[in-house]
There are 2 protein chains.
Amino acid sequence: MKEIARRAGVSIGTVDRVLHHRGRVSADNIAKINAIVEQMGYKPNLFASRLSGGGLVRSIGVVMPEAAQDFGYWRLIRNGIDRAAREFEPLQVAVQVVGFDRNSPDACAEAFRRMAEGGCEGIAVAPIHSRILRPLVEAWDPSFPLVFFDTDMACDRHRCFVGQDPWQGGYLAGKLLGLTLETGRPVVLVRFDEDDEHLQKRSEGFEAYARSVGRQVLILAQKLSDPLDRRRADTALFLARHPAVGGMFVPNASVGEYALAGLGRRMVGYDLIPGNLAALREGRLDFLLSQRPEVMGYEAVRRLSRALLFGEALPDRISLPLDVILKENLDGHLDQINS
Amino acid sequence: MKEIARRAGVSIGTVDRVLHHRGRVSADNIAKINAIVEQMGYKPNLFASRLSGGGLVRSIGVVMPEAAQDFGYWRLIRNGIDRAAREFEPLQVAVQVVGFDRNSPDACAEAFRRMAEGGCEGIAVAPIHSRILRPLVEAWDPSFPLVFFDTDMACDRHRCFVGQDPWQGGYLAGKLLGLTLETGRPVVLVRFDEDDEHLQKRSEGFEAYARSVGRQVLILAQKLSDPLDRRRADTALFLARHPAVGGMFVPNASVGEYALAGLGRRMVGYDLIPGNLAALREGRLDFLLSQRPEVMGYEAVRRLSRALLFGEALPDRISLPLDVILKENLDGHLDQINS
DNA sequence: GCTTATGGTGTGTTCGTTCACGCAGAGCGT
DNA sequence: ACGCTCTGCGTGAACGAACACACCATAAGC
C-alpha cells in the first residue's frame, strides 16, 4: 500500500479508502489507484489485515439436525464439521453449531434465524425443511455467504451446495448387485415408510439400473414404527418365500440391521456407521456405499472459512464422490476419516 | 503476552525470551511465566507472529520424478501438489518442485541435496532410489520436517510417510474379480519386466486372494520394451489359448492399453489417468482402483505447510484409502479431483 | 579500584493494514 | 463576513509479536 500510495502521489489512507470502497475519494484518484493496483498485482497481506482487524474472529454458523445422541449419518457429518473447525481455529475462525429437532420445521427455522441474527459472517445449513426455510433464506442479504449441505433447496438466491447424488448412488448399488449375481435372479429393494428425499432418489436409481438390464426387483415394505425384531422376522419370511432372490439393497444406513436376515444373499447398503462396520468385517454385508458425510461437513465449513478469510468465491456445487467400500478397503477409508 | 507480563510482574521482552527459549532469564521468572502461560492457555496470535517475522515466506521443497511430459501417475500427484500450493499461497507458503529423471538415482540424490541446501524449511520427497537417498537423509538434521510420499523408505530418522498399501490393492482387485466371476474360471495376472515395488506388492496381494479362495491365476508376462501392438497381440493370443479365463488384472496404470485385447473379460486396473477413463466409460474396463495420487501430493504439501505454520506434529503415516471406481461413480471422483 | 564480561531486564521500533480523527477548502445561506 | 456542512485527503494510533538495543546489576580478572 505504501508503494501504491507513493506511485499515485497520495497517502496510504486514500489507497485504503479506495481498496475498501469507502468513498470520500475523487474520481481521478480512484481510477489512478485502481490502475496501479491492477498493474502491480497487489494482494493485501492477510496477516497484517487480520491483525489490524481488531482480532476480529470470523464466525461461522452451522445449522443442522441434532447429532448429539446420534451415531449415524449426522454424527459423521458433525465429525467433519468439527475437524474443519479445528483446522481453521488457528486462523481465528470460530465455528458454532446449532442443532434442531429434525422432526420440527419450526425448530429448524428458529435455529436458522437465531444464527443469522447472531452476528455470523457465514452460515452452513442443512435445509431439510425447505418449505419453511425458503422464504427466510430468500429474504436474507443476497451477498451473505451461504452453503447448503445434505439437501439442495431450490431458491432464488445464490448459494453453494455440498452434497451427494442419491440417484446415482442407487444406480451404482444396482450395478454392483448386477455384476455379482447371475442374470435372472431377482433382487430385493427395501422400502421404508418415510418421506425422505434421499431414500426416494436412491430407490429410483436402483430400479432404473435393474430396468436397464431387465432384472426383476421385489419390493419389501418396512414400517419404521415396527420394532427391529418384527422387521427382521418379516424380512426372513419374505426371503423364504422368494428363494431365488440373489441380493438385497437397503437404501439407508440401517442395512446392518438386515444383515442377519439376508444371510447368504448379497447385501448392499449405505454409510460407514459403527453398526455397519462389524457386519461388513464379518462378511454379512458385501458392499457399503458412502457419500463421505464427514467430507460434506468438512467441505461446507472449509469453503465458508476460505471465503471469509481469503475472499475465495463459493462454487455453485460440490459433489461428493461415491465410495464403494468392501471389507478389503474399509480400513483405509476409516483411517482417512479419523485424521 | 502483555497480560502474561502483567501477571508475572515482568516486561513483555522477558516473556518473549521465555517463550522462545532464548535464555537470559532467571530460573524464577522462567518457572513463573511458564506456569502462567500454561494456566492461561496462551496461544500466540498467528497473524501478529507472522507479520512480525519480517514477512518471512515459509518455503517447502518437493523432490519427485519429472512429471512434465507425463500424463500418468506422477502428473496426478503433481496436480495435488499444485492444488495445495495454491491453497497455502495466501498464507505465504512457497512451494517449489524439483523433478529428476526417474531412471537416474544420482539425479534424485542431487535434486534432494540442492533442495535441502537451498534454504527450504520442509521437504517432501518421493524416495524411489532408497539406496542413494538413505545416507543423505539420515545425515540430515533430525528435526527438519520431512515427508516421504509414494514409496516408504526404511531409515533411522523420524519422518512422515504418505502413501498407499499396494498389497491390499492387489488383494482387493482379486476380491472384485472373485465376486463377479463364477468360481472355477481362472484369472490372468499381467506381469511386467520392471523392478517396481508397487507392482510387485500388488501382484502378491492379488495372488494371495486368489489362493485364499482356490482360484487359478495364470501369469501373462509382458516386456515393456515390446511395442504396444506386439503386447496386445500376445495378450489376445494368450486369451485365445485359455478360453476359460474370466478376468484380468493389470497391476498398473497401463490397463487401458489391454482393454481391447481383453474384451469380454472382466478387467481390473489402476489409476484414473486419461487413457483409462475412456475405456471405463465405454465399458471395456470394469473396475479401476485408485490410491488417490492427487491426495497424496496434496497431503504431503498440506501437512508440511501446517507443520511450519502452526507447529502441528507430522503423523508417522497417512494411508490413503483404496477407491473402487466403476463407470457409474467415475464422474464424482473426477469432480473431486478438479476442485 | 579499575576495566571487562555476562546475566537479567525493560524499551522501542518494526511488520502491513485498518480506521477514527482532524484539517483544509469549497459551496451555501444568512 | 460569519457559521455551517460536505468532500477530499493526510496523520497517527492501534493490532500482537519479534527482536535489536540499551541499561543496570553483579562477578570475574587484573
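Chain letters run A, B, ... following the sequence lines, proteins first, then strands; residues in each count from 1.
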Side-chain N or O of [X] versus OP1/OP2 of [N]: is the shortest distance under 4.0 Å?
X	N	answer
T14(A)	dG8(D)	no
N29(A)	dC9(D)	yes
Y42(B)	dG16(D)	no
S26(A)	dT7(D)	no

Nearest whole angstrom, please: distance from the [atom2] of [N] to the [atom1] of [X].
X	N	atom1	atom2	value
Q92(B)	dC15(C)	CD	P	14 Å
I30(A)	dT7(D)	CD1	P	13 Å
R22(A)	dC21(C)	CZ	C1'	12 Å
L51(B)	dC15(D)	CG	P	14 Å
R24(B)	dC24(D)	CZ	P	16 Å
D16(B)	dT14(C)	CG	C1'	14 Å
H20(B)	dG8(C)	NE2	C1'	18 Å
K32(B)	dG8(C)	NZ	C1'	13 Å

Fill in: Base dG10(D) paired with R17(A) side chain (donor-acceptor, <3.5 Å)
yes
Discussion item. Under 3.5 Å, is there any donor-acceptor pair linking the side chain of S52(B) to the base of dA17(D)?
Written reply: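 Yes.
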Discussion item. In terms of relative ring orientation, are F112(A) and W140(A) parallel, tilted or perpendicular, with 30° and 60° separating the classes?
Written reply: perpendicular
Discussion item. Is any side-chain heavy atom of M1(B) closer than 4.5 Å to one of L19(B)?
Written reply: yes
Worksheet item: Salt-bridged, D152(B) to R159(B), with N to O below 4.0 Å?
Response: yes
Worksheet entry | Salt bridge flag under 4.0 Å for residues R22(B) and D16(B) |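 A salt bridge is present here (some side-chain N lies under 4.0 Å from a carboxylate O).
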Discussion item. Please classify the nucleic acid contact of M1(B) as base, sugar-phosphate, or nothing, using heavy-atom distances under 4.0 Å.
Written reply: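 The answer is sugar-phosphate, as M1(B) gets under 4.0 Å only of primed atoms, P, OP1 or OP2.
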Worksheet item: Nearest nucleotide by nearest heavy atom, which residue falls closer to the 5' end of DNA chain C, A48(B) or G13(B)?
Response: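 Nearest-nucleotide comparison on DNA chain C picks G13(B).
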Practice prompt. Is it possible for you to check whether R83(B) lies under 6.0 Å from the centre of the six-membered ring of Y298(B), through NZ or CZ, and within 45° of that ring's axis?
Written response: yes
Worksheet item: Counting side-chain heavy atoms from CB outward, which of dG16(D), dG10(D), dT11(C) is closest to S11(B)?
Response: dT11(C)
